[in-house]
Number of protein chains: 2
Amino acid sequence: MGEGYREEGDQMASDRGQRKSTIYDIATSTGTSPSTVSMVLNGTWRRYRISESTAERVLGAARAIGYAVNMKARGLRLARSGLAGMIMPHYRNRFFAGLSESFEAGARERGFCPMVVSTQRRPETEREVVERLLSHQVEFLFIVGVARPEPLNDLCRAAGTPCVNIDLPGANAPSVVSDNRGGAAMLTGLLLDKIAATGGGAGSGGADLHFLGGVAGEYATEERVAGFQEAVAGHGFTVSKTHIHRCGYSPATARQTVEEMHHRLGGMPAGLFVNSITAFEGAIQFFKSLEPDAFRDRFIGCFDWDPFAAFLPFPVTMLRQNVEAMIDQAFVYMEEYRVDACPMVKIPPQFGPSGTVPRHG
Amino acid sequence: MGEGYREEGDQMASDRGQRKSTIYDIATSTGTSPSTVSMVLNGTWRRYRISESTAERVLGAARAIGYAVNMKARGLRLARSGLAGMIMPHYRNRFFAGLSESFEAGARERGFCPMVVSTQRRPETEREVVERLLSHQVEFLFIVGVARPEPLNDLCRAAGTPCVNIDLPGANAPSVVSDNRGGAAMLTGLLLDKIAATGGGAGSGGADLHFLGGVAGEYATEERVAGFQEAVAGHGFTVSKTHIHRCGYSPATARQTVEEMHHRLGGMPAGLFVNSITAFEGAIQFFKSLEPDAFRDRFIGCFDWDPFAAFLPFPVTMLRQNVEAMIDQAFVYMEEYRVDACPMVKIPPQFGPSGTVPRHG
DNA sequence: GGACAACGCTAAATCCATTTAGCAAATCGG
DNA sequence: CCGATTTGCTAAATGGATTTAGCGTTGTCC
């Protein structure tokens with residue numbers, strides 16, 4: 001074969017209607033060759049001594065028909081897709097929504113088209129989506145909030161695609177997580193201070209402070225429990241295992257757990273450390289049934305942030321994970337990616353609301 | 001040219017390291033041709049009389065090297081990218097988060113890889129992102145919450161890509177929106193009934209019910225104002241323009257507006273219709289400063305839903321837009337897309353929480 | 001035994017953009 | 001006026017998967 005581009009004879013291919021226009025169309029209509037068109041559109045034409053007048057002619061024709069490059073073809077040729085992938089459990093809280101938006105901004109800044117897909121925490125979906133993204137040749141992949149990211153890391157490695165774990169760490173890729181332990185210790189310390197200031201809290205050496213939510217054995221939960229216990233011990237209290245309720249993340253079980261706790265104690269504890277916004281949602285479902293007075297001198301902390309939770313009828317201290325810093329770090333890891341290096345960094349969370357809107361990108 | 005696939009002589013191309021594996025690799029390693037491999041991997045091999053044993057051999061080799069099809073190449077050949085695009089303002093509320101997740105589930109069900117990109121309501125970003133998605137050959141595009149979608153619709157039309165507007169309608173593509181007018185009338189009626197039941201509300205023929213938030217001239221706002229007024233009139237009250245505060249969507253201005261209103265009235269009105277969750281966020285910033293008693297026999301409604309807002313220290317009636325139905329309808333429009341038809345459908349919103357988790361996909 | 005079908009597979013064109021090697025014409029130097 | 005250079009552009013290969021047309025071999029049937 002090798003007839004190159006379309007010759008005279010079928011000039012009017014445009015009557016095929018909705019076919020997308022290509023550089024061949026532009027070449028025919030301007031009486032030039034596809035190479036010329038490609039060079040002009042890529043801005044490399046000066047280097048190949050295409051004349052100013054030809055360049056203008058081509059550019060004009062391209063604009064006239066609203067030409068847009070076919071990234072499929074370009075990507076195939078250049079082995080660069082221009083796609084940046086990220087998977088995450090869902091978008092239904094500020095942490096994930098913020099990660100998503102920061103990622104998109106960062107990807108766009110770097111000239112990629114962001115591709116975020118949610119997987120509803122289903123391992124099978126996670127795997128399928130990663131395979132899909134890889135087959136679309138994403139140039140790197142951020143894996144957010146996956147309990148066991150190693151199989152996904154391996155998939156990426158097999159495809160030669162850099163990846164970074166975010167929120168939950170994994171052994172087979174660089175990981176960026178919140179400083180769960182430090183943050184939990186900080187929040188716990190703050191609650192203990194508040195309790196102490198009101199003169200309450202110490203019953204027979206143990207602090208009247210409970211930990212609610214999370215999954216036993218899960219990285220983030222155990223880190224936070226450790227920070228919690230560390231702070232409790234640091235304040236001179238003994239640590240009681242019975243004060244720690246790893247009841248999962250679902251609002252329903254958190255609600256039930258907090259209700260039972262309330263029943264057992266005959267009222268609210270002096271302090272409550274809630275491990276996530278979803279557990280918090282469950283807790284306040286129960287709180288709703290209590291008198292406002294039940295919260296006098298009671299202090300609640302939450303390792304997550306939501307604008308509405310800040311306006312509840314009792315004081316809540318919220319920890320906001322530093323979404324922007326996490327994403328920035330993830331990009332750094334991605335840029336210096338080597339298959340053999342799997343560092344892990346812990347980003348300190350911050351108190352209070354502060355904006356979740358990412359940098360403009 | 002035309003040497004087809006790699007001949008003897010460079011069998012060991014695999015020493016090039018990280019190159020992704022192709023059907024040519026499989027063909028060489030199994031002693032077959034790329035065509036055969038392609039047919040086997042696509043499941044069309046029986047139709048072309050490939051023997052069972054060859055098929056097994058090829059399949060085995062593919063699995064062994066972890067072969068994944070290159071969607072770039074396939075897409076180029078088939079003029080089908082397998083990509084489904086959606087743009088939306090952001091993910092920071094349940095409405096958008098829900099749309100996003102429903103879309104992803106629907107796209108996956110239909111065999112597409114979803115590609116959701118947020119544009120922060122910046123028209124320039126919207127345009128850029130749409131161009132990008134089109135150049136990646138998305139097979140259709142959902143455009144969510146864009147004030148003036150027509151230029152984007154035109155871009156899609158030029159590319160021969162079907163698109164559907166969601167949340168805010170546009171003249172140049174099918175549109176799926178909430179029944180803003182009907183929903184607003186429903187919510188307004190409910191507030192008026194509650195007010196009437198407490199015996200309050202009627203001051204010199206006008207209802208003591210205010211409308212807060214939204215942008216003058218914007219489609220959704222004006223529809224909701226119309227529904228609001230319709231219901232007020234329907235209850236036998238005269239409609240007062242001074243009760244309608246289109247103060248935008250930002251929490252800050254909503255807060256200020258509601259504060260001024262409170263000052264002017266010397267207290268809370270009997271009813272308050274809040275036009276969006278962000279305006280609501282601003283309003284409760286102010287409410288926080290009031291005594292709980294200020295809300296006795298006061299009724300608040302919000303044309304949006306958030307799980308936390310439901311647990312505030314005063315009753316709020318929330319309208320939840322029917323995200324799943326909207327996305328379903330959008331897929332229907334997409335499937336029966338014709339460039340000349342631009343229908344619009346209004347999906348009734350619903351009271352109360354109900355889940356935002358989309359169908360499993 | 002010769003025509004024909006069935007079988008099992010492959011060659012080659014195609015999708016579109018990129019890029020290197022190189023061709024023909026114009027210009028220049030001497 | 002001839003060889004050398006510059007100018008302005010094009011041919012053709014490339015990337016990976018798909019798909020139609022068709023090739024060689026074996027088996028069947030009259």
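Everything numeric here is computed off the predicted structure, so don't read it as measured data. Protein chains get the first letters and strands the later ones, always in sequence-line order, with residue 1 at the start of each.
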- Task: Could you check whether the rings of A:F142 and A:F331 sit parallel, tilted or perpendicular, using 30° and 60° as the cut-offs?
- Result: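 Answer is perpendicular, since the angle exceeds 60°.
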Could you check how far [atom1] of [X] sits from [atom2] of [N], rounded to whole Å?
| X | N | atom1 | atom2 | result |
| --- | --- | --- | --- | --- |
| B:Y48 | D:dC23 | OH | P | 17 Å |
| A:Q137 | D:dG16 | CD | P | 9 Å |
| B:R49 | D:dA21 | CZ | C1' | 12 Å |
| A:R46 | D:dT7 | CZ | C1' | 14 Å |
| B:I26 | C:dC9 | CD1 | C1' | 17 Å |
| A:K20 | C:dT14 | NZ | C1' | 17 Å |
| B:E52 | C:dC9 | CD | P | 11 Å |
| B:L41 | D:dT18 | CG | C1' | 12 Å |

- Under the side chain to side chain donor-acceptor pair (under 3.5 Å) rule, collect the residues that match up with A:R80, sequence neighbours excluded.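 Scan of A:R80 (side chain to side chain donor-acceptor pair (under 3.5 Å), adjacent residues dropped) gives A:E139.
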- Message: Counting the atoms with a prime plus P, OP1 and OP2 as sugar-phosphate, which does A:L78 contact under 4.0 Å by heavy atoms, base, sugar-phosphate, or nothing?
- Response: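 The residue A:L78 makes sugar-phosphate contact but no base contact.
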- Query: With a 4.0 Å cut-off on heavy atoms, is A:S38 in touch with a base, just the backbone sugar-phosphate, or nothing at all?
  - Reply: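 It contacts base atoms.
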- Among residues two or more places apart or on two chains, list those pairs meeting side chain to side chain donor-acceptor pair (under 3.5 Å) that have a residue in residues 55-74 of chain B.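 For residues 55-74 of chain B, and leaving out neighbouring residues, the side chain to side chain donor-acceptor pair (under 3.5 Å) pairs sorted by first residue read B:N42-B:R74.
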- Query: Would A:Y91 and A:E101 count as having a side-chain donor-acceptor pair, cut-off 3.5 Å?
  - Reply: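 On atom types as modelled, these side chains do not qualify, holding no pair under 3.5 Å.
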- Message: When you compare the side chains of B:S38 and B:S35, does any donor N or O come within less than 3.5 Å of an acceptor on the partner?
- Response: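 No, no side-chain donor-acceptor contact under 3.5 Å.
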Check whether any side-chain N or O of [X] sits under 4.0 Å from OP1 or OP2 of [N], and answer yes or no.
| X | N | answer |
| --- | --- | --- |
| A:T32 | D:dT10 | no |
| B:T36 | C:dT10 | yes |
| B:S33 | C:dT10 | yes |
| B:N42 | D:dT18 | yes |

- B:E52 and B:W45, any side-chain heavy atoms less than 4.5 Å apart: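 Yes, close enough: below the 4.5 Å cut-off.
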- Using the side-chain contact (heavy atoms from CB on, under 4.5 Å) rule, pick out the option among B:V117, B:I166, B:V144 that qualifies with B:M88.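 So the option named by the test is B:V144.
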- For the base of C:dA11, is there a side-chain donor-acceptor partner from B:S35 under 3.5 Å away?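 Donor-acceptor pair under 3.5 Å: yes.
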- Is a donor-acceptor pair below 3.5 Å formed from side chain A:R77 to base D:dG15, judging by atom type as modelled?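 There is none.
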- May I ask you to list the residues of residues 53-76 of chain B, by number, that have any heavy atom positioned under 4.0 Å from an atom of DNA chain C?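 Hits under 4.0 Å, by residue number: B:T54, B:L76.
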- So which nucleotide from D:dT20, D:dC9, C:dT20 ends up closest to the side chain of B:M39?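 From the listed options, D:dT20 comes nearest.
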